[in-house]
Amino acid sequence: MQLLQMLILCFVAIFGTAVVLTRDPRSQVIGLSFFGLVLACMFFIFQAPDVGLSQVVIGAVALPLMFMLTMARVRRNTEEHEARKRHEKKGKEAA
Amino acid sequence: MSLSSIVAHITALPVATPLGTAAVLAALNKFLPRRMADTLAILATLVTLFTETLLLYSVRSQPFVYWYGGWAPRSGAALGICFVIDPLSCALAMLISVLVLVAFVFSLRYFDSIGTMFHVLVLGFLAAMSGFAFTGDLFNLFVFFELMSASAFALCGYKNEETTAQQGALNFAITNTIGAFLVLCGIAMLYSRTGALNMAQIGRALGQQSDATVITAFVFLLVGFYVKAAIFPFHFWLADAHAVAPTPVCILLSGIMVQLGVYAVARVYWAIMAGPFAAHRGALMSLLLVIGTITSLLGAIMCFGQRHLKRLLAFSTISHTGLLVIGFALLDPHALSGVALYVAGHGLVKASLFIGAGILLHRYGSVDELELRGRAQRHHFSGIVFLLGALGLAGVPPNLTFLGEHAIDHAATLVHQDWIPVIFAFSGAITSAAVLRVYGRVYLGWGDRESLRTGKQIPEERETAGPHHRIPAVMILPAFLMVIAALGLTLTPKLRRAAETGAFTMADTAAYQSRVLDGAHLPNTFAPPGQTALTPTLISTSCAIVFGLLLAAWSLSPLWPKQDVIVRPFKLVMGGLRSLHSGHVGDYVAFLTLGAAAIGIVLGLLIRRFGM
Amino acid sequence: MNPRFRRYFFLISVVAFFGVFAWGLHDLPPFGHYRGPYGDILNHVAVYERHATDVVTAVNFDYRGFDTLGEESILFMSVIGTSLLLRPQKKETDNNDGKADNSLQRDLDESERRRAPAASDAARVLTLALVGPLIVFGWYIVTHGQLTPGGGFQGGVILATPPLLVYLAGDLKTFKRITRQEWVEAIEGAGIFGFVLVGLLGLFVGGAFLQNLLPLGQTGSVISAGTVALLNIATGLAVSGGFVQLIYVFLEQTLEVKLRVQGGK
Amino acid sequence: MSLFPYLVAAWLFCIGLYGVVTSRNFIHLVMCLAVVQSSTYVLLLTIGYRIGGMPPVFAGVPVGTPAVDPVVQALMLTDIVVEATVVALLLSLAVQVHKGTGTLNPDHLRELQG
């Protein structure tokens, strides 16, 4: 039992570090959702089912979803900027 | 039934009323007309203010403790959450409500209608700050801290067209969130040690022991709350956030939220840490005096170097919060009463100064000192706010700030820290000089446009709709009422005495603990009577205002050195200070880490190695 | 500071910070030896006093119920704050006229369509079939908070997922209809207001804010633990409304074009 | 050995801060903040743990069986809500910054200097 707890704590430390060191947000968000699951496992192992349940719904689902939507929006922004630039170019050429 | 037992029942209202009203306003977002929302929000604030007045009246002789859910403690162990109603927390809550009321009244003329969201957030902010002032439970303090943050972040980024506003809010949010995590770590460590979350119970369980855990936990709480209070080296976010927030929000952030960070540390110290640090007061005092002095000087110097009016006022807030920390650092109830008076005086004055800036923005569409030069020459009326505000910042009698400074000076002489009035004079002089310079340039048209090229220029759009050629009464009136209140309240008899009673009651740790845990009915603790000399404070404040006037006049005169001939060392120092305030959140967090580590190491060494 | 200098500066600070942290931690009671008394007292009395078998829920909604009011308000304020921050900027709403802008709009719509593949029918059926069970499950979690792990918060989040599934199934119209802002905001506000109301009723009936005012019922039955159940439902409402709005606001950010096009027809 | 779980919490705090300071993208930065926050979960969870304790749920178990601390779990529930909300606010601010400036890199945002 003790061993299992130490093991999961090691996992938490490793996954947390990995999330930080992943510089690309797109892969990082996958790491984050795994990290959320590992945390949830930790809560169950440490006899905290209430917290574990919340962590599953928040940490592993809701948070990554928000991150992904934000990134989609940011990508759209960039596309919009570029599209606008292209248009200005076209307009100039036409003139 | 006595009055106080009836009044006890309304203790929950300062939190419940704003939250309930906020819920209604949010639910009816799409259906309520704007004026209706204004009315409801102002009504809720008035109810809160009225409740707090009743509470203050009922605790004038004896504080009481209110247990939520009726969970009174059993054999000295708290089961639930309590509010501790004592004179100082009531007075603080009243100040909060007054400023929120002013913010609502000012925003009656606020720009685009976006439903009721602004009202909802400000009401949430009000509930959070009231709860923060009253609570006697450490984790509850954290909850209200976070509620305060959540509403403040959103309010700060309110102008979502302006990218600087979003950046300022982002810096604010990131640094304050890390501060909140530090607070939570501190709470966890204290909980692990004592098995309690009630402040009185933690204090009693700790007794006199001050081991590594207790010291570290206190350092974490201190740092977390001082991030909110914008104390060096955690102050960087404040100018970014305040410079860009809408005016009514600035009133709340600068007028009271920042000072609540100082209050939280004072509350934690006297409820929990007075015992453990009883033998180490010297260590804590010297550490905090150093931090407070640096903050105050740095804030004052940066304040004078600004041309963006709101940023200038924001740095002045940093400077004055540093003074509050100096006052608290004396760890003496006399000084605490001074801090309380100073908070009230500064809150009123700073709020009216921000309104002054808001009026200029409304009338002339700018808060840039150079752009505004001479443009308000025909509107001297609103300029009086700046004049009186400058006097308040310098602490000229009969301002509340003068009373506060006097109490702090008195406590300082008791512990032989006679240099403290000098710091007060310096900060007062520089910050009031900055405000007087603004007055001279904007309202009198003195000075030229070139002499102050250094400061940051941030474009700012008008916040208000409607005709801009006149200044609405809802803007100018609250500002006048507040500066007059800061002057008039001083003349009320016994105010000084009442503040001392409040401070001595708050600082009476043993009485606090038995009130909360044993249900003891103990009267307020009264300060020993005695007259104190006014002379040092009078000298200090008159120096402040004289030097302030001279400095302002010099900076507006042709004698003021041009940018390229400024003496080299001064230029270097200013350049260095400026580049520290880089607007880069990574820098801010790095400084936060360094500050937390340094405070921990210094305090630990002073206590363990040097036995202070 | 340049990035390199910042990194070194920070590394030195953080080593010192870690030292301070570890110094504070080494004096804590050793791991695995919780000493109480707060938790132990509650573990002993909560079941008798509250007739709730899940002590965590009893703590959250009764002993420390006031904290939970604050917690729900934090959620509430940040949902309102998020929709305030992400409200359409003026320049975004103003650019719909003019020929050039229209063709720009068409361009953007085109790229949008290319990126989002339509859901297959099988996927739609499967996703929509999940909606019913999820609602039942969420409701179960909300109402059994005092008995088993779970409660208003966890159930509320689960109850917020069906609209998301509807969106995933590609049914934008229904998604828009069930996430009408008026309703979502009303549900959210009702949850918070309900919490405050239960508290105030406790004040008038029992004598203290949030005091229990209902019979405690039979330990182990669904209707037990008095106000805890009511507060769970209020929290469930507030949380589900809050998360639906949160998801909606973020989705709206990515889907501005799509929603605008479909709404216009 | 009895200190190890606490040190994991301290480690997560520090590594999260490292990510925040060196981040070149606000979205990355917010995820690093989530890691800092997870440090508080670990700390709260481990200080309330009792070896051999069961969960504080007494459905079908007699009261008096050794159980872990329910209070820290209640605190962590609050903590998790706080995380979700702070993340939502920060992300919306980041989106707005990107809308206005076209970048998410803090190194490129220098409008607030001085």
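Quick caveat, the model's predicted, so the values are computed rather than measured. Reminder, nothing fancy here: chain letters follow the sequence lines and each chain counts from 1. Note that these values count all heavy atoms, side chains included, but never hydrogens, waters or copies made by symmetry.
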Check each atom of [X] against the heavy atoms of chain D and say whether the ones under 4.5 Å are side chain, backbone, both or neither.
| X | result |
| --- | --- |
| Ile187(B) | neither |
| Ile174(B) | both |
| Phe139(B) | side chain |

Subject >> Partner chain D: residue of Ile178(B), Leu592(B), Val143(B), Leu577(B) with the largest heavy-atom pair count (under 4.5 Å) >> reply: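 Counting heavy-atom pairs under 4.5 Å, the top option is Ile178(B).
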How close do [X] and [Y] get, heavy atom to heavy atom, and via which atoms?
| X | Y | value |
| --- | --- | --- |
| Ala188(B) | Ile47(D) | O-CD1, 3.2 Å |
| Thr40(D) | Phe181(B) | CG2-O, 4.0 Å |
| Leu170(B) | Ala94(D) | CD1-N, 4.3 Å |
| Ala590(B) | Val21(D) | N-CG2, 3.9 Å |
| Gln167(B) | Val97(D) | N-CG2, 4.0 Å |

**OP:** Identify the residue among Asp79(D), Val82(D), Thr78(D), Leu75(D) that makes a side chain to side chain contact (heavy atoms under 4.5 Å, CB included) with Leu184(B).
**Re:** Asp79(D)
**OP:** Identify which part of Leu89(D) has an atom lying under 4.5 Å from any heavy atom of chain B, answering side chain, backbone, both or neither.
**Re:** side chain
Subject >> Residue part contacting chain B, namely of Asp107(D), when any heavy atom lies under 4.5 Å >> reply: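 Both backbone and side chain.
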Check whether any side-chain heavy atom of [X] lies under 4.5 Å from a side-chain heavy atom of [Y], and answer yes or no.
| X | Y | answer |
| --- | --- | --- |
| Phe13(D) | Cys185(B) | yes |
| Tyr191(B) | Leu44(D) | no |
| Phe26(D) | Val585(B) | yes |

Report the distance from atom [atom1] of [X] to atom [atom2] of [Y], rounding to the nearest 0.5 Å.
| X | Y | atom1 | atom2 | result |
| --- | --- | --- | --- | --- |
| Gln96(D) | Thr163(B) | CD | OG1 | 10.5 Å |
| His584(B) | His108(D) | NE2 | NE2 | 9.0 Å |
| Met189(B) | Leu43(D) | CE | CG | 7.0 Å |

Original post:
Who among Thr22(D), Leu29(D), Thr85(D) has the most heavy-atom pairs with chain B under 4.5 Å?
Top reply: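 It is Leu29(D).
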